[in-house]
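Since the structure comes first, as structure tokens, the remarks are kept for the end.
Residue numbers start from 1 in every chain, and the chains themselves are labelled A, B, ... in the order their sequence lines are given, proteins ahead of strands.
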Amino acid sequence: MEREKDPRAYDPAVIEPKWQQRWEESGLHNADIDPSRPKHYALTMLPYPSGELHIGHWYAIAPSDAQARFMRMRGHNVLFPMGFDAFGLPAENAAIKRNIHPKTWTFANIDRMHGQLRRMGTMIDWRREMISAHPEYYRWTQWFFLQFFVNDLAYRKKAAVDWCPSCNTTLAREQVIGDDRHCERCGTPVVRKELAQWFFRTTQYAEELLDFSKIDWPERVETLQSRWIGRSEGASLVFRTETGEPIEVFTTRPDTIWGATFLVLAPEHALVSKLTSADRKEEVEAYVTAAVRQSDLQREATDKEKTGVFTGGYAINPANGERIPVWTADYVLPGYGTGAIMAVPAHDQRDFEFARRFDLEIKPVIVPDGGAEGALPVAGDQMVEASTERGPMFDSGPLTGTPAGEAFARSVAWLEEKGAGKKSVNFRLRDWLVSRQRYWGAPIPIVYCPEHGAVPVPEDQLPVLLPDDVEWLPTGESPLKLHATWKNTTCPVCGGAAERETDTMDTFMCSSWYHLRYLSPHYDGGPFDPAEYRYWMPVDTYTGGIEHATMHLIYTRFFHKACRDIGVVQDDEPMLKLRNQGIILGEDSEKMSKSRGNVVAPDELVDRYGADTVRAYLMFCARWDFGGPWNGRGIEGTARWLRRVWSLFTEESEGGTPATPATPATPATPANTVIDRLRRKVHQTLKQVTRDLDQFQFNTVVAALMELQNELSQSRNDGAVGTPAWREAHEIYVKMLAPVAPHVADELWEKLGGEGSIHVQPWPEVDEKAASVEEVTLVVQVNGKLRDRITVPVGIADDEARKIALESEGSRRFLEGKEVRQVIVVPGRLVNIVVS
RNA sequence: GCGAAAGUGGCGGAAUUGGUAUACGCGCUAGACUUAGGAUCUAGUCCCGAGAAAUCGGGUUAGGGGUUCGAGUCCCCUCUUUCGCACCA
């Protein structure tokens, strides 16, 4: 049964579309170059067009939008753009499953999401939208690839790569996660495959990527990136086989070289077959074959017993000339360092386990306990585990006795002198594998000519268009391989028959530079208009999920630095300040998913409460950087608050009797007390809201506004309505509300008779004098326990405060018969009386 | 195993950075207005004890210890949770 609505009641269904339309018509959100104002580029991670926005998108976008609106009111020229990361596998899966073309599916989803983003009341400048699957965009993605290619930052090599059997494609190392090494997208454990693939030289930037001094990013992200990059200082040492063949190893402990009693090569190491003696051949080959075939899951399980075989070959330890056996074992990884190690079982746990298993010599060369008085190494055959701490060198020829602090440097210097090694730094970071054996991505702009090899597609032939007329194989393999008219082409160099690269680019390539395309999404003289770049870049605040810490956020930094060195961009970093939001879970505290049925649909909430309420609740419901489970009932409180705010400012004439200052008044009259209180609270709140919006602390912004609303209701009952202070409170309140609940704020601003949109009004200034208090509550403690609260004038002398505290009723009871030992006065706060 | 972050009412969470712990909201309790209420308004709501009540006393920020006049905040130990990495030489 539909009841009649009170026309004066708060009705978001009426005011929200009204204001969205007005903002659009007036071009309120258009951000254009304006040298007269400081610019502010507020970027939030763009969504993948999966179908519709879920509450998690809102949680990410709405507070970011509020922050951007706040910056605009503070006088900045704010760019807040939005786009779509539109290439990727889900589109292709939909195509295979439901027989819809990925393009159709993707662009239909984008259409739908446009509507949702508008409904949210965001300040997006839609003129600047970019869609990565649009030829106008990927033309430049391909252009960047070519820049990397000609500058030797892109290369092709055959390598064992991670392959997702479900997605039918290779993955970058960053996209393989978890202890079972599964695909980041679909969860299927990956397998190894030997393939020729394109890589970017991210490792060239490993050192610089560790430098966060120019950016303000969460420590958590810096830590994650640092660990991912994994810098190790050590030495690169050269052992030689008996035939003089060098075997290079990397070690972080060159000071233990006298204890290197064998070498271990990864099964993939090129020297394995060369070194293997005739009698060991069969066994070694069997082991290598098995190891290579093994899945990474089996191979990298740390708890399994070490395996390996002796190659029959020997090498010379350059430190002591000893002849030591060379083994091959799968605990040595082919991709890190040189794929070969010197094994020092006495001082490395892995080598120790291996030595014990195969009865190899364990020779301690470091004094234990950091070289404590009288300490001597335990004999190798007595050891129960490796001794990994630092200590003076022992049994190490001329270096015996070198103290721990100098051991590293002196060992390296000594080895260097002998031409057996040098100091070196190793990184865990690998080059970025960008090839994907998928259709729905930006084609790699390379042509293979039997004569000229890999030839870049000339710039003027970009974009290499993704053909629409493709047929899907039931296996899910990329249809580009089967598209003869597309695949067969001519060599740009000789004009002879040639074939296109059928792989496409990792979508992280597309998202590495989207922030640059927003600057001029239709510019065709380059990836972006340099004038726009000069004005807007770098990004001032970047918001998004922490899950991208070691993927997108490393790629985009690498990308930018590489482009800087090529000369395409300036600046060392693309994004100055990063803030992460947490994840909103379902009401059952589990990750939201359709299969669990715990997905919260924002559209339904907007229908019921309005976008302003949903926005405000998302800011209020949790610490933004933490996130947490959704609470469907909690939103009622935010809805109530906005209704109260509405009636507070629309029904004010029905309030109590105006407390006109004309009332014959001494400073102590109730009327003035009400006014002072009101102004104090207003300006204190303004101070807090300003600070908290600045710091992305959205929950306390809403809490402070709720508190002030309570206070204003009280003041209204006390007769503040009609006074200048009330008018001021009204105005400031609506302005503070504007970033949080933009529609209702503009409506209330209009009702108040404000000029133009609330959203371009200057942010109010704090009246420090009004915010300050004349009287403070002095807390009186006895032995640290609260005993009394006394109202005293602000700025009271310490002596005076002390006196009042000692005489206060509350404290006296606890002082009787006691000796006062000490009195601590914290000005304006408390007095603590210490008694025996 | 290593690394990081975090533990505050029934719940989400505040606490000006060492100075009144539990702001704000949800939920709950009672009342008012209502034909009705998943609307609105008012009051109460950390725990224990005393009191008819106003109040008064004691305790409390995962647990234990320490520094300090004073600790949710700093230090040490233990436990729990979440996240990341995981044979990286």
Which part of the nucleic acid, if any, lies within reach of A:Ser232 when heavy atoms closer than 4.0 Å are counted: base, sugar-phosphate only, or nothing?
sugar-phosphate
To the nearest angstrom, the CD-C1' distance between A:Glu385 and B:G1 comes to 13 Å
Go nucleotide by nucleotide along RNA chain B from the 5' end; which of A:Gly784 and A:Ala639 gets its closest nucleotide reached first?
A:Ala639
Does A:Asn710 reach a base, just sugar-phosphate, or nothing at all? Heavy atoms under 4.0 Å.
sugar-phosphate
Looking at A:Arg813, I'd like to know whether one of its side-chain N or O atoms comes within less than 4.0 Å of OP1 or OP2 on B:C56.
no
Judged by modelled atom types alone, do A:Glu222 and A:Ser226 share a side-chain donor-acceptor pair under 3.5 Å?
no
Give the intermediate values and the outcome of side chain to side chain contact (heavy atoms under 4.5 Å, CB included) for residues A:Asp692 and A:Thr690.
CA-CA 6 Å; A:Asp692 290 353; A:Thr690 306; over 6 Å; no
Does B:G9 adopt a syn or an anti glycosidic conformation, taking syn as a chi angle within 90° of 0?
syn
Within the 4.0 Å heavy-atom criterion, would you say A:Phe814 contacts the bases, only the backbone, or no part of the nucleic acid?
sugar-phosphate
Among residues at least two apart in sequence or on other chains, which ones pass salt bridge (Lys or Arg N to Asp or Glu O under 4.0 Å) with A:Arg357?
A:Glu305
Reckon A:Ile824 touches a base, only the sugar-phosphate, or nothing at all at heavy-atom distances under 4.0 Å?
base
A:Met706 side chain: which of B:G38, B:A89, B:C24 is closest?
B:C24
What is the separation between atom CD on A:Glu353 and atom P on B:A89, rounded to the nearest whole Å?
16 Å
According to side chain to side chain donor-acceptor pair (under 3.5 Å), who are the partners of A:Asp351, at least two apart in sequence or on a separate chain?
A:Tyr331
OP1 or OP2 of B:G59 less than 4.0 angstrom from a side-chain nitrogen or oxygen of A:Lys785, does that happen here?
yes
Walking RNA chain B from its 5' end, the first of A:Val826 and A:Arg643 to be reached, judged by nearest nucleotide, is A:Val826
Tell me whether A:Arg428 forms a cation-pi arrangement with A:Trp228, defined as NZ or CZ under 6.0 Å from the six-membered ring centre and within 45 degrees of its axis.
yes
Side-chain ion pair, A:Asp767 and A:Lys687, N-O less than 4.0 Å
no
If you only use heavy atoms from C-beta on, which nucleotide in B:G84, B:A89, B:C26 is closest to the side chain of A:Arg633?
B:C26
For the residue pair A:Trp432 and A:Tyr555, categorise the inter-ring angle as parallel (less than 30°), tilted (30 to 60°) or perpendicular (more than 60°).
parallel
Partner residues of A:Arg356 under the side-chain contact (heavy atoms from CB on, under 4.5 Å) criterion, sequence neighbours left out
A:Phe352, A:Ile362
What distance, rounded to whole Å, do you find between the two P atoms, one in B:G1 and one in B:U8?
25 Å
Rounded to the Å, how far apart are A:Leu333 CG and B:C87 P?
7 Å
Could you work out which one of B:A86, B:G3, B:A89 sits closest to the side chain of A:Thr252?
B:A89
Separation of atom CD1 in A:Ile583 from atom C1' in B:A6, rounded to whole Å
16 Å
Please give the distance between the C1' atoms of B:G72 and B:G63 as a whole number of Å.
15 Å
Return a single string for nucleotides 10-16 of chain B, one symbol per nucleotide in 5' to 3' order, where B is base contact, S is sugar-phosphate-only contact and - is none, cutoff 4.0 angstrom on heavy atoms.
--BSS-B
Treating A:Gln684 as the side-chain partner and A:Ala771 as the backbone partner, does any N or O pair qualify as donor plus acceptor under 3.5 Å?
yes
What pattern of brackets, bars and dots sums up RNA chain B from 5' to 3', given Watson-Crick or G-U wobble pairs under 3.5 Å, [ ] for crossing pairs and | for another strand?
(((((((..(((......[....)))((((((.......))))))(((((....)))))..(((((..]....))))))))))))....
For B:G58, does either OP1 or OP2 sit under 4.0 Å from a side-chain N or O belonging to A:Arg787?
yes
Syn or anti for B:U60? Use the chi torsion, O4'-C1'-N9-C4 for purines and O4'-C1'-N1-C2 for pyrimidines, with syn inside 90° of 0.
anti
Separation of A:Arg428 atom CZ from B:C2 atom P, in whole Å?
17 Å
CD of A:Gln695 versus C1' of B:U17: gap in Å, rounded?
12 Å
Partners passing side-chain contact (heavy atoms from CB on, under 4.5 Å) against A:Glu604 (at least two apart in sequence or in another chain)
A:Ala601
Could you tell me whether A:Val779 contacts a base, only the sugar-phosphate backbone, or nothing, with contacts defined as non-hydrogen atoms closer than 4.0 Å?
base
Could you measure between the two P atoms, the one in B:A53 and the one in B:G49, and give it in whole Å?
14 Å
Pair A:Ser236, A:Glu248: side-chain N/O donor-acceptor within cut-off below 3.5 Å:
yes
Does the side chain of A:Arg253 get closer than 4.0 angstrom to OP1 or OP2 of B:A89 through an N or O atom?
no
Say we look at B:A15 and B:A6: how far apart would their P atoms be, to the nearest angstrom?
14 Å
Between B:G64 and B:C85, how far apart are the P atoms? Round to whole Å, please.
36 Å
Side chain of A:Asn832 (C-beta onward), nearest among B:A39, B:A89, B:G70
B:G70
Whole angstroms only, please: what is the CZ-P distance between A:Arg802 and B:C69?
16 Å
Mind checking the C1' distance from B:U73 to B:G18? Whole angstroms is fine.
7 Å
Looking only at atom C1', what distance separates B:U42 and B:U78, rounded to whole Å?
48 Å
Distance under 6.0 Å and angle within 45° of ring axis: A:Arg643 vs A:Tyr10
no
Is the distance between the ring centroids of A:Phe354 and A:Phe262 under 6.0 Å?
yes
Output the single nucleotide from B:A89, B:G38, B:G84 whose closest atom is nearest the side chain of A:Arg227.
B:G84
d(CG, A:Leu642; C1', B:U40) in whole Å
16 Å
Is A:Arg430 touching bases, backbone alone, or none of the nucleic acid, heavy atoms closer than 4.0 Å?
base
Which part of the nucleic acid, if any, lies within reach of A:Arg640 when heavy atoms closer than 4.0 Å are counted: base, sugar-phosphate only, or nothing?
sugar-phosphate
Whole-Å C1' distance, B:G7 and B:U61:
9 Å
